[in-house]
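In what follows, every chain begins at residue 1, and chains take the letters A, B, ... in the order their sequences are listed.
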Protein chains: 2
Amino acid sequence: MDLRHLRYFVAVAEEENIGRAASRLHISQPPLTRQIQQLEEELGVTLFTRTPRGMTLTQAGELFLDEARNIRALVEQATERTQRAGQGKLGRIDVAIFGSAILDAIPKLLLAFRNRHPDVKVVLHTMTKAEQIEALRQRRISVGFNRMLAPLEDLETRQVTTEKLLLAVRADHPLARLESIPFAELQHHPLVLFPTGARPSFIDKVIGLCSERGFQPKISQEVGDAVTGVALVAGGFGVCLVPESATTLQFPGVVYAPLSDTPPNFHVDLSCLYRKGDASPILAAFLQTVAEYGKS
Amino acid sequence: MDLRHLRYFVAVAEEENIGRAASRLHISQPPLTRQIQQLEEELGVTLFTRTPRGMTLTQAGELFLDEARNIRALVEQATERTQRAGQGKLGRIDVAIFGSAILDAIPKLLLAFRNRHPDVKVVLHTMTKAEQIEALRQRRISVGFNRMLAPLEDLETRQVTTEKLLLAVRADHPLARLESIPFAELQHHPLVLFPTGARPSFIDKVIGLCSERGFQPKISQEVGDAVTGVALVAGGFGVCLVPESATTLQFPGVVYAPLSDTPPNFHVDLSCLYRKGDASPILAAFLQTVAEYGKS
DNA sequence: TCATTCAATACCCACAGAGTATGATAAGAC
DNA sequence: GTCTTATCATACTCTGTGGGTATTGAATGA
């Protein structure tokens, strides 16, 4: 039995006339007769009673008509859904983020993707950089967001945004009174750094900027994420360089001040990471949104 | 797209290897490759990622696998149900009965049929003989039960049972004292007759039996059915000839007495009536049960 | 570096589905 | 009653496609 048999059967059942059904199906009458006979023979059931006025369904035929319509509808639905899945419009994507990445770009980006692909379920996982890389290789996630990504053999990176850096200081700190803080000032104040864990990280970026200017920062404390870092600034542990997006994090008694006289490349990138050669259409759609987001 | 495509696709998806899937399907590898390619092309969707180790489903492929399995299960179920319908094991049959036919044979027969064909819904309609004939011609029913059926052009009859006749008399009636009542006694007592309506009927049977013996019965009253007839006997309207099965109808103050010295053919048939050339397998199964019931 | 193991391609054959022409049958028209 | 017309079924031919064999291409692992 074939889907063709079902299509033909439904046509004949609806027209109650082989000739009309044949022309509706754009074939001639004899092959249609044969197909119906074949179907009946294969089922071992008489589906129609033949009269000189046409064909009428038997009771078994009525039942089979219902079933045939169901099957055809299901087939249509299956192709439609599969095609949507193939276009990245239906399905699921697992995305890794890191602690403070949720502060700015990521939520906007996810919102944009959700609006464009409402039937794609986005599952978020909070992971460190090392965890993201492993999860990508094990195919537990399709894309991860992070900073300071070094090139890798099997993983591709793409820059999402770039942000300049600001200094988080206590409101009652002497530096807070300045309009903008000269970068060199950093050598005189203890620094809170983040994140701990996998290198290279934002920590190395800050240390690198300092050494470009010929000094080594005084490290007051290393912490896991920007939130904790700013909290320690409030607690008097020193000052802390943060990406601009972290300023959405308003903390009582802490202000974010711009710096002047900064070294070149005084900014930090947010990138995403995915498997080389991953042909998933959902990933492609996701990266498409990422790219358009980066432009704006 | 074909059911074959689905069958092949499921095999490949399950084996994750075209060669193994091909041997499972008892075909060689190249045609299977081509069928899968065809399917992908028709859907416009990549269902598998090809690796040198085999084929693994894409996300869209996973979805399509679900759908394909559903469709195949539905097809299987459809053929199975249709075949059961074609064998008269599934469906519905509309059966007409007349008033007092429900007294004996019909319920037993329906019970036997129900037991043998539990998935066939039997719908009962109470109709007079004329109504049954019209309903049969209009295909509103498939079979009717009645007595005294004359041969008809387009309808077939089949005898179900034959019953002898008994006389319903009041318990305080002089005849009730006799062991058995000589038939000729009937000419001295008023008779209650049933049913009114379409001729020939049971009434004609009784009158015929009397005239065979050379007398005309005194007709006390004509009523619609046996129940009313026996009720009038209880009320003193006279005596009433009833088929044996009516004795299940116990009425206070009425007894059923056998007759002696009866004319030949002193019994009445219960027959069923159906369309000539009706090929419905459910009717065939029903008539099969009727035939076997008649034997026992 | 070579053997192994996949899928993909090239090419051929046979069968089944579609076409044309015709037959069989019953219902209406006159 | 006869003829026409509608229906479905059959006979026969042809072509497209599914399936077969042989081979190539690509990647992995010994």
Donor + acceptor pair across side chains of [X], [Y] (<3.5 Å):
X      : Y      : result
B/Q37  : B/E41  : no
A/Q29  : A/T33  : yes
A/E134 : A/Q138 : yes
A/D94  : A/S142 : no
A/T157 : A/S271 : no

Next item on the list: Find which nucleotide of DNA chain D each of B/P30 and B/Q38 is nearest to by heavy atoms, and output the residue with the more 5' nucleotide.
Entry: B/Q38
Among the candidates [options], find the nucleotide nearest to the side-chain atoms of [X].
X     : options                : result
A/R50 : D/dC8, D/dG18, C/dA18  : D/dC8
A/I27 : C/dA18, D/dG20, D/dA11 : C/dA18
A/N17 : D/dC8, C/dA7, D/dG20   : D/dC8
B/Q29 : C/dA26, C/dA7, C/dG19  : C/dA7
B/T33 : D/dT21, D/dC8, C/dA7   : C/dA7

Remember a base hit wins even if backbone is also touched, and classify [X] as base, sugar-phosphate or nothing at under 4.0 Å, heavy atoms.
X     : result
B/P31 : base
B/Q35 : sugar-phosphate
A/H26 : sugar-phosphate
A/Q37 : sugar-phosphate
A/R34 : base
A/Y8  : sugar-phosphate

Rounded to whole Å, please give me the gap between [atom1] in [X] and [atom2] in [N].
X     : N      : atom1 : atom2 : result
A/R20 : D/dT5  : CZ    : P     : 18 Å
A/L25 : C/dG19 : CG    : C1'   : 15 Å
A/E40 : D/dC8  : CD    : P     : 13 Å
B/D2  : D/dG18 : CG    : P     : 8 Å
A/L3  : C/dG17 : CG    : P     : 14 Å
B/I18 : C/dT9  : CD1   : C1'   : 13 Å
B/F48 : C/dC6  : CZ    : P     : 16 Å
B/H5  : D/dT17 : NE2   : P     : 11 Å

Next item on the list: Mind telling me whether A/F48 and A/F9 have parallel, tilted or perpendicular rings, with 30° and 60° as the class edges?
Entry: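 Rings of A/F9 and A/F48: tilted, 30 to 60°.
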Margin query: Measuring to OP1 and OP2 of D/dG29, would you say a side-chain N or O of B/R53 lies under 4.0 angstrom away?
Written below: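 Affirmative; the distance criterion is met.
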